[in-house]
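In what follows, chains carry the letters A, B, and so on, assigned in the order in which the sequence lines appear, proteins first and then strands, with residues in each chain numbered from 1. Fair warning: this is a prediction, and the values are worked out from it, not measured in the lab.
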2 protein chains.
Amino acid sequence: MSSSTSTGSRGETVPTVPSAAGVADVTALLDRGRTMATPVLRAAVDRLAPPMDTVAAYHFGWIDAEGRPSDGDGGKAVRPALALLSAEAAGAAPEVGIPGAVAVELVHNFSLLHDDLMDGDEQRRHRDTVWKVHGPAQAILVGDALFALANEILLEIGTVEAGRATRRLTTATRKLIDGQAQDISYEHRERVTVEECLEMEGNKTGALLACAVSIGAVLGGADERTADTLERYGYHLGLAFQAVDDLLGIWGDPEATGKQTWSDLRQRKKSLPVVAALAAEGAAAERLGELLAADAKSNDFENFSEEEFAARAALIEEAGGRQWTAEEARRQHTIAIEALDGVDMPARVRDQLVALADFVVVRKR
Amino acid sequence: MSSSTSTGSRGETVPTVPSAAGVADVTALLDRGRTMATPVLRAAVDRLAPPMDTVAAYHFGWIDAEGRPSDGDGGKAVRPALALLSAEAAGAAPEVGIPGAVAVELVHNFSLLHDDLMDGDEQRRHRDTVWKVHGPAQAILVGDALFALANEILLEIGTVEAGRATRRLTTATRKLIDGQAQDISYEHRERVTVEECLEMEGNKTGALLACAVSIGAVLGGADERTADTLERYGYHLGLAFQAVDDLLGIWGDPEATGKQTWSDLRQRKKSLPVVAALAAEGAAAERLGELLAADAKSNDFENFSEEEFAARAALIEEAGGRQWTAEEARRQHTIAIEALDGVDMPARVRDQLVALADFVVVRKR
């Protein structure tokens, strides 16, 4: 792991934090989550009536647009890894967390299907989005089906714990929807405060990560206080995750992220570096404000050159938006790890949750 | 109540059945459901973050497109009435069924919001649909929010019964989604069998009515067998309801239904009278098949005259599609009422469930 601080170069994100476990451990943890959850997830998706099963399989990257088996990029799988550790944090076997891992993945992907359509995003994980390939109606319908399936997977367990787990998932889903509503409304506004941006990111990213870290424990019989404390870790981990995402969205290496250069700037996203820069004082912040206001009215924005986006990124950095966001990631990382002190859990599980938090802030994709 | 049989005239639907209670009783039952459920429904919708609360209030007819208070048509409110009777069928107070009534209404309206967008329907209950007024993104988002809210309302009760009720609602919602998927896929097909049409209508209409009739009982502590038997009544009531809807969709009186003349024909719906007529033998069925096949390719369909639709309706009737559907409504009505024998419930509740079933098949809107 590098211990560099944020410089002007591509691909460097957040100053790293001393870690209890190495990158190899995290890779193994993510692999375990993927390996244990994916067969159950696939069996769940197979329950959908045609053609929804096929559309969902395409979304998850299991088949291509022509229906041929494919080995697509299913994402980083941070949530399943967390759900299994969550069960272990409550002293249960990791398997106990599997339905929770699957339900959280189903809700996450329901929101991706609907958000991509609402936002008009044509690409996800290097592939055309579902509404682009199968049409808007299928994106709506299959999103709905995945959401319903998430509840079904949990409730068919039939225990009181499963009811509590479903309630937490429902709360997280409501926040996810609130966050998307905020995101949409902010697009039409000239100014968004840092606090508004953090609230929106807490809803869009924090709430479901929080649920992933409590759901396995709840299924394993943890009390409400333990679950709440684990959610505190997950919520702040989510905010750290999103701060890093916002950095990668501007300064990430396209080869690593799979996104275009200056991706978030091209989409006029009011992400943390942008709102933090606009909230700063000084000439750079002022010039940035003028430029972005003009961009919002420009008919030529689509044809902007690399240099024009680079100039905006440089102003954001000059106004302090990049540094503030990197520090914010570190702040949230610290709060997340401190929350772990509130739960009595096996030392190995704690070390692995710390390692996952470290991974989240140093990742390059 | 009239006891006419189906003739060629507008507004007459299904031969009526001897009834245990009069129309006045049904009006009172529907009013009770509306009066008891609506305040709780409004309080639930008020939980939504802006602007979703406003969009939902518009959808429910509580405000107009400019945000002014309005006294819109909230629908017939059959489901809330059933959910309260459901609690009483299990020996509980009607109030016990209120969260169930609200949850079912939320799911029903989630599906209306999404279906109207998927189907491109611009009008519902004499008003512009949500996607038409507030845009597709709000229709998706607020639909999602209502679905999540339905689960929240039930799960926050926190009992084992609430978990069981939520599971039944989830199963019904999955069927609702399956039905919409079938409906969409049938639109692109030249022929749909009567069995396929009935399966689709069972999913789209039967499943949620079934849930409305079991959910109050489950919240009131009924066992699974009682709940299943009540669902059998509700499912077949739903099929009777939909058969009548399909008759009204072609031969209904526009003043009563609030829909255009020949509404389902204009939308090329493969409803029961159409598929039953096409499945018949003889010259009328053959001529109808040729006409509809030509219509599917016609560029001039939008400009068809009243006479052209009337000719199609006459062929459907001549081929027996109208009579078959009216008989199907009566068959399903009979099965529904017979199912009530399987549950030991107060005689008054049984009479009221019979009265509601009678109402469903004789209604003119």
Side-chain angles (χ1 to χ4, degrees), chain A residues 47-53 55 107 110-111 113-115 117-120 135-182 184-185 187 203, chain B residues 47-53 55 107 110-111 113-115 117-120 135-182 184-185 187 203:
Chain A
R47 293 186 195 181
L48 299 179
M52 295 185 287
D53 53 350
V55 175
V107 165
F110 136 72
S111 80
L113 277 166
H114 284 189
D115 289 2
L117 175 58
M118 286 186 252
D119 301 342
Q138 291 299 327
I140 296 171
L141 200 59
V142 175
D144 293 345
L146 296 185
F147 183 11
L149 204 51
N151 294 317
E152 184 172 299
I153 291 291
L154 288 176
L155 290 168
E156 69 190 7
I157 301 173
T159 60
V160 178
E161 287 74 27
R164 287 171 51 214
T166 315
R167 189 175 172 193
R168 283 186 184 266
L169 184 63
T170 298
T171 304
T173 308
R174 287 254 287 121
K175 288 188 183 162
L176 210 61
I177 296 166
D178 285 352
Q180 173 68 1
Q182 290 164 327
I184 289 174
S185 82
E187 266 169 37
N203 281 332
Chain B
R47 293 186 195 180
L48 299 180
M52 293 186 288
D53 53 352
V55 175
V107 164
F110 136 73
S111 81
L113 278 166
H114 283 189
D115 289 2
L117 175 58
M118 285 185 251
D119 300 342
Q138 291 299 327
I140 296 171
L141 201 58
V142 175
D144 293 345
L146 296 185
F147 183 11
L149 204 51
N151 294 317
E152 185 172 298
I153 292 290
L154 288 176
L155 290 168
E156 68 191 7
I157 301 174
T159 59
V160 179
E161 287 75 26
R164 286 170 51 215
T166 316
R167 188 175 173 195
R168 282 185 186 265
L169 184 63
T170 299
T171 304
T173 309
R174 287 254 286 121
K175 287 188 183 161
L176 211 60
I177 296 166
D178 285 353
Q180 173 67 3
Q182 290 164 325
I184 290 174
S185 83
E187 267 169 38
N203 282 330

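Ranked by heavy-atom pairs under 4.5 Å with chain B, the list A/Gly163, A/Pro50, A/Ala148, A/Ala162 is led by A/Ala148. For the set B/Ile177, B/Leu176, B/Asp115, B/Asp178, the entry with the most heavy-atom pairs within less than 4.5 Å of chain A is B/Ile177. Contact count versus chain B (heavy atoms, under 4.5 Å) is highest, among A/Leu149, A/Thr159, A/Leu155, A/Val160, for A/Leu155.
Taken from CG in A/Asn151 to OG1 in B/Thr170, the straight-line distance is 4.5 Å, to the nearest 0.5 Å. Annotation: the span from B/Ile140 atom CD1 to B/Met118 atom CE amounts to 9.0 Å, rounded to 0.5 Å. In this structure, B/Met52 CE and A/Ile184 CD1 are separated by 9.0 Å, a value rounded to the nearest 0.5 Å. Atom CG in A/Leu113 sits 10.5 Å away from atom CD in A/Gln138 (nearest 0.5 Å). Separating the NE2 atom in A/His114 from the NE2 atom in B/His114 is a distance of 5.5 Å, to the nearest 0.5 Å.
Neither the backbone nor the side chain of B/Arg164 comes within less than 4.5 Å of any heavy atom in chain A. Contact of A/Gln182 with chain B is not made at all, since no heavy-atom distance falls under 4.5 Å. There is no contact between A/Ser185 and chain B, counting heavy-atom distances below 4.5 Å. Residue A/Leu141 touches chain B through both its backbone and its side chain, counting heavy-atom pairs closer than 4.5 Å.
A salt bridge is defined here as a Lys NZ or Arg NE, NH1 or NH2 lying under 4.0 Å from an Asp or Glu carboxylate O, and A/Glu156 with B/Arg174 fails to meet this definition.
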